[in-house]
Structure formats: structure tokens, C-alpha cells
Amino acid sequence: MSEPQIQLLLAHHPDVKPAPTLTALRAKVEVMALPIPLSKLDSLESVDLFALLVDARSGISKEMIDLWNHFQDRQFPRAMIVQGVEFSESDFDDIVLIGNRVLEQFATPYLVLHDDLGQPTALISLEDNLVHDYSGSEKNRFSADKELMDLIADFQEEYLQLYKELGEDGFFQGIFAIAIPIGSEKTFGIPELNLLIEALSKH
């Protein structure tokens with residue numbers, strides 16, 4: 001099996017412990033706690049994808065904003081990975097709204113779906129309306145029903161409009177950033193991130 005080619009820098013707040021599910025990412029991942037010294041930043045030019053790990057319980061700090069700006073200014077491909085949605089009153093949408101305000105406008109290819117107990121167990125793709133269900137021992141995929149499609153219609157329109165305006169390759173060119181939720185116990189978001197990594201390796 002060939003070595004993964006994508007170099008991914010995963011930066012996080014020192015008080016945040018990265019979710020164990022992140023070990024399944026198919027990339028060469030360098031995990032760094034903030035603050036990252038400027039001298040170190042200069043040596044990170046070989047990074048293919050910069051990912052800021054945000055925990056829904058602790059939000060986004062000034063150091064995280066400064067680091068994000070560094071990679072945004074240099075037009076690196078960027079992703080905000082949101083963990084901790086199972087344990088927080090703030091959900092993925094709340095963190096994206098904060099990110100839109102303090103970092104930049106995010107594209108959200110997937111939204112989180114919750115079960116009857118309010119636990120996040122699935123994602124829905126805004127690209128093809130497929131539900132990625134992680135509630136069982138194995139991931140299932142099926143088409144969303146009309147009621148669910150009506151619920152996500154506004155988010156979907158916004159997402160597709162962004163792609164139309166900035167181009168399908170905008171993420172790979174560092175023109176806009178993507179936000180993706182991940183599970184800390186269930187693996188939702190990890191296969192979806194790996195699809196992005198795989199696509200990036202072909203650009």
C-alpha cells in the first residue's frame with residue numbers, strides 16, 4: 001500500500017484533546033497544539049491542507065483566528081473540523097455561524113442529523129441529498145425523504161450558490177474553506193473528510 005501523499009496540519013487549542021476517530025484520516029497528519037511559533041510556521045510551506053480542530057464545547061479563540069488568517073492569506077486549502085457535538089449544547093450549525101463571523105464564510109457539504117434522543121448519528125450531503133447513517137455498527141446510505149429535503153432546502157441553496165459563484169475547484173485553490181463535523185465515538189465525518197483528502201490528492 002502506498003504512503004499517503006497529502007500533508008495535513010491539524011491545529012487545536014491546548015485544552016482540546018483531538019477525537020480518537022481522527023486517527024483514521026488517510027493523510028500524513030501533523031497534530032499541533034496552539035500557539036505555534038512563527039519560526040515553525042515558516043517551515044510549514046509543504047502543508048497541502050490546513051485543518052483547524054474546533055471543539056463545540058470551547059469554541060474559537062483569538063490564537064485560532066490568528067493562525068487561520070495566516071493560512072487564509074496564503075490561500076492554502078482550509079477546513080474547520082468540528083468535534084464534540086455529542087457533548088455540547090452548541091451544535092455544528094452554531095459553530096459554523098461563529099466561524100462565518102470570526103474566520104470566513106464556510107461551505108458546509110454535510111449537515112448533522114440527530115436521532116430521537118437528540119444524539120448526532122448521521123450526516124446529509126447537500127450535494128446529492130444522500131443520508132450517511134452511522135447509527136448502526138455499519139454506515140448506511142440512503143436518499144433523504146421529502147420532509148428532510150424541505151428542511152435543508154435553504155442550506156442547500158446557499159451551499160450550491162457558493163459553488164456556482166466561486167467554482168467547484170475553489171476549495172482546492174484556497175478560495176473558500178469547508179466546515180465538517182466529526183464524531184468522537186461514532187465515525188461520522190471521517191469517511192467524508194477522507195473523500196476530500198482523496199480529491200485534493202488528485203489536484
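We count residues from 1, following the sequence as given.
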Angle class for the F76/F71 ring planes (parallel below 30°, perpendicular above 60°, tilted otherwise)?
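Ring orientation, 0 to 90° scale: perpendicular.
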State which residue, out of L113, V85, T121, fulfils the side chain to side chain contact (heavy atoms under 4.5 Å, CB included) condition with F188.
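Of all the options given, the one that passes is V85.
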Rounded to the nearest 0.5 Å, how far apart are [atom1] of [X] and [atom2] of [Y]?
X: I180; Y: L196; atom1: CD1; atom2: CG; answer: 4.5 Å
X: L8; Y: I197; atom1: CG; atom2: CD1; answer: 5.5 Å
X: I6; Y: H203; atom1: CD1; atom2: NE2; answer: 10.5 Å
X: R101; Y: I65; atom1: CZ; atom2: CD1; answer: 9.5 Å
X: I182; Y: I190; atom1: CD1; atom2: CD1; answer: 4.5 Å
X: I152; Y: L111; atom1: CD1; atom2: CG; answer: 6.5 Å

Answer yes or no: is there an ion pair linking R78 with E104, defined by an N-O contact shorter than 4.0 Å?
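Salt bridge: yes.
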Using the side chain to side chain contact (heavy atoms under 4.5 Å, CB included) rule, take D55 and D15 through it: C-alpha gap first, then chi angles, then the decisive distance, then the call.
CA-CA 10 Å; D55 195 290; D15 296 341; over 6 Å; no
Could you walk me through whether I81 and L10 pass side chain to side chain contact (heavy atoms under 4.5 Å, CB included), step by step?
CA-CA 9 Å; I81 301 173; L10 184 71; 3.9 Å; yes
Closest approach of [X] to [Y] (non-hydrogen atoms, all atoms of both residues):
X: I95; Y: M80; answer: O-CE, 3.9 Å
X: Q83; Y: K17; answer: NE2-O, 3.0 Å
X: S61; Y: H13; answer: OG-CD2, 3.6 Å
X: H132; Y: S125; answer: NE2-CB, 4.3 Å
X: Q5; Y: D48; answer: O-OD2, 3.5 Å
X: M64; Y: I60; answer: SD-CA, 3.9 Å

is_close_aromatic(F176, Y163), centroid dist under 6.0 Å:
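Under 6.0 Å, so yes.
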Could you state whether [X] and [Y] fall into the same hydrophobic cluster, counting links through intermediate Ile, Leu, Val, Met, Phe, Trp or Tyr residues with side-chain heavy atoms under 4.5 angstrom apart?
X: L103; Y: M32; result: yes
X: L200; Y: I175; result: yes
X: V31; Y: L193; result: yes
X: L130; Y: L195; result: no
X: L22; Y: F87; result: no

Within a 6.0 Å radius of atom CG on D154, are there more than 12 heavy atoms belonging to other residues, nucleotides or ligands?
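Not more than 12 within 6.0 Å, no.
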In this structure, are over 12 heavy atoms from other groups packed under 6.0 Å from F155 atom CZ?
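12 or below, so no.
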Please examine the side chains of [Y] and [X], heavy atoms only from C-beta on, and report whether any two atoms are closer than 4.5 Å.
X: T21; Y: S184; answer: no
X: V112; Y: D91; answer: no
X: D115; Y: S135; answer: no
X: Q119; Y: E86; answer: yes
X: L49; Y: F171; answer: yes

Is a side-chain N or O of [X] found less than 3.5 angstrom from the main chain of [Y], in a donor-acceptor match?
X: N140; Y: D133; value: no
X: H70; Y: D66; value: no
X: N100; Y: F106; value: yes
X: E30; Y: L9; value: no
X: N194; Y: A24; value: yes

Let me know which of K164, E157, E165, E158 forms a side chain to side chain donor-acceptor pair (under 3.5 Å) with Q161.
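Going through K164, E157, E165, E158 one by one, the side chain to side chain donor-acceptor pair (under 3.5 Å) with Q161 is satisfied by E165 alone.
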Would L166 and Q173 count as a side chain to side chain contact (heavy atoms under 4.5 Å, CB included) here? Give the steps.
CA-CA 10 Å; L166 301 177; Q173 295 165 359; over 6 Å; no
